[in-house]
Visitor: 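If you scroll down you'll find the structure; I have some questions about it.
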2 protein chains.
Amino acid sequence: YCHSGAGEPFVPFDVLVNQRRNEARRSLLVEVAGLPSSTDLHQVCSQYGAVRKMFHYTTRHSNVNKEMILVEFDEAESLEKALQATRSPPTERIIPVHSPFVWLSASRTASSNRKKTNISSTTDIIQETVPSNEELQLQLSQSRDLSEQIQKSYECQKLTELGSRLRFFTCRQVEVALSGLFPQACVLPFGSSVNSFGRINCDLDMILELFDVTNQDTTQRLVFQAKKSRSAANPRITMQRHMEVISDILDNFVPGCSQVRKILAARVPIIKYRQDLTDMECDLSMANRSGFYMSEMLYLYGSMDKRVRPLVFAIRKWAKDRHVTSPYAGRWVTNFSLTLLVLFYLMRTSPPVIPPLQMLIKLAGDDDVRTAESINCTFLRDLKILTASDNKQSLEDLLRGFYEFYDKFDFKERGLSVVRGDDFVKPEHNALYIQNPLERELNVSRNVTLEELERLRSEITHARYRLEEDTEHIEEQQGQQPWGLLSLWGASHKPQAHRGLN
Amino acid sequence: YCHSGAGEPFVPFDVLVNQRRNEARRSLLVEVAGLPSSTDLHQVCSQYGAVRKMFHYTTRHSNVNKEMILVEFDEAESLEKALQATRSPPTERIIPVHSPFVWLSASRTASSNRKKTNISSTTDIIQETVPSNEELQLQLSQSRDLSEQIQKSYECQKLTELGSRLRFFTCRQVEVALSGLFPQACVLPFGSSVNSFGRINCDLDMILELFDVTNQDTTQRLVFQAKKSRSAANPRITMQRHMEVISDILDNFVPGCSQVRKILAARVPIIKYRQDLTDMECDLSMANRSGFYMSEMLYLYGSMDKRVRPLVFAIRKWAKDRHVTSPYAGRWVTNFSLTLLVLFYLMRTSPPVIPPLQMLIKLAGDDDVRTAESINCTFLRDLKILTASDNKQSLEDLLRGFYEFYDKFDFKERGLSVVRGDDFVKPEHNALYIQNPLERELNVSRNVTLEELERLRSEITHARYRLEEDTEHIEEQQGQQPWGLLSLWGASHKPQAHRGLN
Ligand SMILES: Nc1nc2c(ncn2[C@@H]2O[C@H](COP(=O)(O)OP(=O)(O)OP(=O)(O)O)[C@@H](O)[C@H]2O)c(=O)[nH]1
Ligand SMILES: Nc1nc2c(ncn2[C@@H]2O[C@H](COP(=O)(O)OP(=O)(O)OP(=O)(O)O)[C@@H](O)[C@H]2O)c(=O)[nH]1
Ligand SMILES: [Mg+2]
Ligand SMILES: [Mg+2]
């Protein structure tokens with residue numbers, strides 16, 4: 001196994017997260033009248049310090065397009081200066097909250113500014129182009145083979161640079177909103193936003209930690225006064241009360257937050273909202289650092305071999321199009337469970353593409369020790385010491401292999417463990433048993449009903465035969481009928497079934 | 001009229017308020033094990049910068065005494081450093097909020113620190129001594145005359161230096177709590193906490209302004225994104241929603257805030273709470289800057305002549321003891337109305353002790369222009385240009401004069417105006433009509449019923465005759481029976497009637 005297997009140099013998760021958080025601390029999101037304002041904006045921002053990068057995007061909300069520019073300054077101090085100079089909107093009917101979400105008002109001396117346009121900015125504005133569904137289908141239909149399709153599909157649909165920045169920036173807004181009460185408040189993305197399996201428009205899962213438990217110097221004599229929680233005996237109730245207040249803050253004060261809902265009775269209580277200005281669905285939870293480490297684990301598996309991410313993408317997309325998964329929680333398989341299925345399969349190829357988690361645990365050093373919510377989350381974090389896999393299968397072979405593997409798998413009797421990389425006799429009678437890699441006595445697919453498992457299995461069988469048919473008739477089909485991923489997805493068959501979600 | 005009439009050099013209200021706010025920004029409130037810890041605390045604090053002053057006091061709450069020390073640093077930066085080094089309490093069951101309310105934990109190296117005690121602090125700890133009710137009564141009974149009683153009573157009961165600091169500090173805590181969302185948030189005390197008529201334990205009235213409307217540079221191109229209020233058409237409903245969230249923040253997170261109640265249907269919606277650590281009852285309102293200017297006006301009248309404050313105190317205390325006023329809002333006269341009655345009377349003595357408000361309005365300069373909530377609050381702020389009153393009456397004469405004046409006043413037909421310093425035909429049929437000095441079409445005593453007015457009048461008559469009896473039998477009484485203020489207050493007659501409030 002080798003880190004370089006992913007094609008790019010390996011960046012440890014912590015390094016990546018810190019870099020993104022730092023970018024977010026230096027960034028300002030500005031609504032502008034249109035792209036031509038970017039020169040103007042660059043000029044305005046440069047008053048406060050050097051501008052490093054500018055990204056443009058458009059959001060569409062209630063039939064109104066908003067032109068947005070994410071500005072990254074060189075220095076966090078420049079952002080502070082800019083925000084200090086930022087004024088409140090003129091009308092009294094709105095709530096002028098301090099946040100790095102701003103708006104560029106029209107210049108009063110528009111004509112004189114126009115002239116300066118030639119002096120021009122040295123920062124080019126970055127505009128990411130994401131192929132439309134049609135473009136993607138065209139590209140896939142013109143691919144050489146299924147492996148190329150899988151690779152292209154991944155590259156077109158993976159989270160972009162801007163997408164990733166906006167996610168950390170959306171987290172930052174919540175931190176800033178709470179900073180008066182909790183200056184150490186830390187909001188971190190987890191789930192598909194950072195586990196490297198996230199699609200362009202995936203939702204944003206966040207954990208909020210009000211203070212930094214790890215960084216407490218107990219020799220300090222001064223200690224903050226604190227409120228005794230009214231339900232001190234039940235930390236969960238305390239957390240729910242906090243989340244209620246935080247959700248009201250988001251709902252009433254924080255710009256762009258809409259459709260704020262509290263789902264506090266869930267196993268992991270969450271606040272759901274839409275951030276209209278960065279255009280994403282957000283799930284905010286607390287006391288869920290183990291979820292963050294779970295995402296780190298998935299990120300590590302994605303980094304271990306360059307075939308992992310494209311393969312997971314292809315399978316997640318297939319499952320979505322075939323309604324095996326759904327954006328709504330329910331009786332069906334989640335993307336998380338599905339990802340574990342793919343990882344488990346990749347541990348069982350011969351030779352294996354990736355090692356079982358217990359190997360990463362065995363290799364963990366002192367720096368890798370982590371505990372969260374009393375769950376041991378210790379495993380190797382720096383993949384440089386791993387060697388590359390001996391498995392040389394193509395993406396196509398692996399995809400076919402996946403469907404074959406699970407077509408034959410004895411879900412009825414056997415459970416799967418990515419910890420051991422092995423299956424075992426199910427300890428319970430749930431339809432599907434996938435061991436939680438961190439809380440090993442739990443089944444992450446406990447929610448799946450027998451009916452839904454049967455649907456999954458029949459879709460797997462169906463996919464397996466589709467791909468076999470493909471091979472048999474490859475000459476006839478190419479250029480005429482959808483083949484490969486396109487035939488699997490069924491996208492061209494029933495586009496109306498697309499829910500355009502997740 | 002002359003500013004120096006108040007005995008002390010005149011400090012403009014704005015200067016006073018800014019000085020107090022700056023002190024609060026440099027102050028830290030520390031709960032300690034006992035007074036001996038103060039040396040220890042001084043040492044701990046001095047790590048972060050020079051300590052200017054330290055005040056000690058004791059609060060008693062649910063049968064537990066807390067020893068508190070208010071530390072004032074020389075520099076605001078020192079406070080910031082101290083708070084940065086402050087740690088969260090160890091248990092997970094409480095909510096560690098960043099605020100300048102802290103606690104000094106026991107030293108781990110207590111013995112070694114003890115030795116250093118001799119090196120000792122250079123800052124003496126200030127302990128204010130406030131005479132008990134019994135001590136005050138003794139002092140008053142031994143006074144030379146009624147004027148001395150009135151003066152002494154004022155000096156013993158007026159708000160102390162520490163009391164005033166703790167009020168601004170309590171305001172500061174709310175500012176800090178909201179600073180993440182509203183870095184410009186400004187919480188100002190008003191009412192008896194700053195109008196110079198406040199007793200030691202008076203409640204704390206506060207106004208909260210979320211952002212600084214006066215300080216908006218409209219040439220700035222960057223404008224904060226803001227939420228459209230859901231009830232944009234009704235600013236009052238918007239304010240009520242904000243107050244709900246703020247009250248939940250206080251209730252759930254802010255140390256020392258207890259018994260948080262929302263009274264949002266009132267004319268001026270308020271959040272009521274107790275700050276246990278500074279030991280005061282708090283009323284927080286929004287959009288009420290005119291209340292602040294009203295307090296400034298009262299402060300100015302208190303500063304104009306040194307007899308005003310002692311006289312107002314004596315009459316407020318009499319009214320409280322005779323149950324003419326009450327700590328609860330209701331059908332009776334408020335301290336505010338009563339104060340206006342005193343001021344009105346002082347405008348009607350001959351020669352007048354204080355000028356009518358219209359004179360202050362006429363003398364106002366450009367710097368004095370203020371508008372709040374569309375109410376014109378412009379009047380002279382710097383009293384230096386006023387000359388002293390020609391009235392030379394003693395406090396005793398003025399007190400007697402007050403009761404005589406209102407014993408004869410035709411409340412039935414006439415209303416009072418401190419603006420014109422004159423009475424006029426009542427425009428409405430309220431029992432008592434005292435024109436609101438800023439909103440002139442309003443009656444500040446509209447709440448008073450005929451029954452309560454009659455009670456006030458009979459208490460006035462009663463007081464008048466008490467004082468006349470006093471004069472007739474002065475020799476027999478002195479040293480034996482309560483006389484002067486003591487006979488007026490009736491404190492010794494029915495101590496059980498004291499409600500120990502307000
Ligand atoms: N322990 C545990 N963690 C879960 C479970 N489901 C989800 N998670 C964690 O929560 C994260 C976010 O959950 P989701 O938003 O449902 O999944 P996702 O990986 O972000 O994928 P999307 O469907 O693209 O959002 C996952 O990445 C897991 O780390 C579960 O059943 N058990
Ligand atoms: N316009 C108006 N303002 C009022 C009225 N009552 C009180 N205020 C203002 O609100 C301030 C605070 O009110 P209170 O707390 O009731 O009175 P106070 O002067 O602080 O006296 P205490 O009884 O010691 O609290 C007053 O000083 C006035 O400025 C009223 O009826 N009308
Ligand atoms: Mg997710
Ligand atoms: Mg008051």
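As the structure is a prediction and not an experimental result, all values here were calculated from the model.
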Visitor: Is the side chain of B:S105 donor-acceptor paired with the backbone N or O of A:R221 at a distance under 3.5 Å, no angle test?
Guide: yes
Visitor: Taking the side chain as everything from C-beta on, heavy atoms only, tell me whether B:L210 gets closer than 4.5 Å to A:V97.
Guide: no
Visitor: side-chain contact (heavy atoms from CB on, under 4.5 Å) between A:L83 and B:L222: does it pass, once the steps are laid out?
Guide: CA-CA 8 Å; A:L83 290 178; B:L222 298 179; over 6 Å; no
Visitor: Minimum heavy-atom separation for B:A226 to A:P255, with atom names?
Guide: N-CB, 4.4 Å
Visitor: Can you tell me how the ring of B:F224 sits relative to the ring of A:H98, calling it parallel under 30°, perpendicular over 60° and tilted otherwise?
Guide: tilted
Visitor: As an exercise: rank A:L29, A:I246, A:L277 by heavy-atom pairs under 4.5 Å with chain B and give me the winner.
Guide: A:L277
Visitor: Between A:R241 and B:D251, what is the shortest heavy-atom contact and its length?
Guide: NH2-OD2, 4.1 Å
Visitor: Heavy-atom pairs under 4.5 Å with chain B: which of A:V245, A:V102, A:V223 has the most?
Guide: A:V223
Visitor: Quick one: closest heavy-atom pair of A:R87 and B:Q220, and the distance?
Guide: NE-O, 2.7 Å
Visitor: Tell me which of these, A:L41, A:V30, A:L178, A:I249, has more heavy-atom pairs under 4.5 Å with chain B than the rest.
Guide: A:I249
Visitor: Are any non-hydrogen side-chain atoms of A:C257 and B:K227 less than 4.5 angstrom apart?
Guide: yes
Visitor: So do the side chains of A:V254 and B:L181 get within less than 4.5 Å of each other, counting heavy atoms only?
Guide: yes
Visitor: Please classify the contact between B:V176 and chain A as side chain, backbone, both or neither, with a heavy-atom cut-off of under 4.5 Å.
Guide: both
Visitor: About how many Å separate NZ of B:K66 and CD of A:Q225, when rounded to the nearest 0.5 Å?
Guide: 5.5 Å
Visitor: At their closest point, which heavy atom of B:G180 faces which heavy atom of A:S179, and how far apart are they?
Guide: CA-OG, 3.3 Å
Visitor: Should A:E244 and B:D248 count as side-chain neighbours, where that means a heavy-atom distance under 4.5 Å?
Guide: no
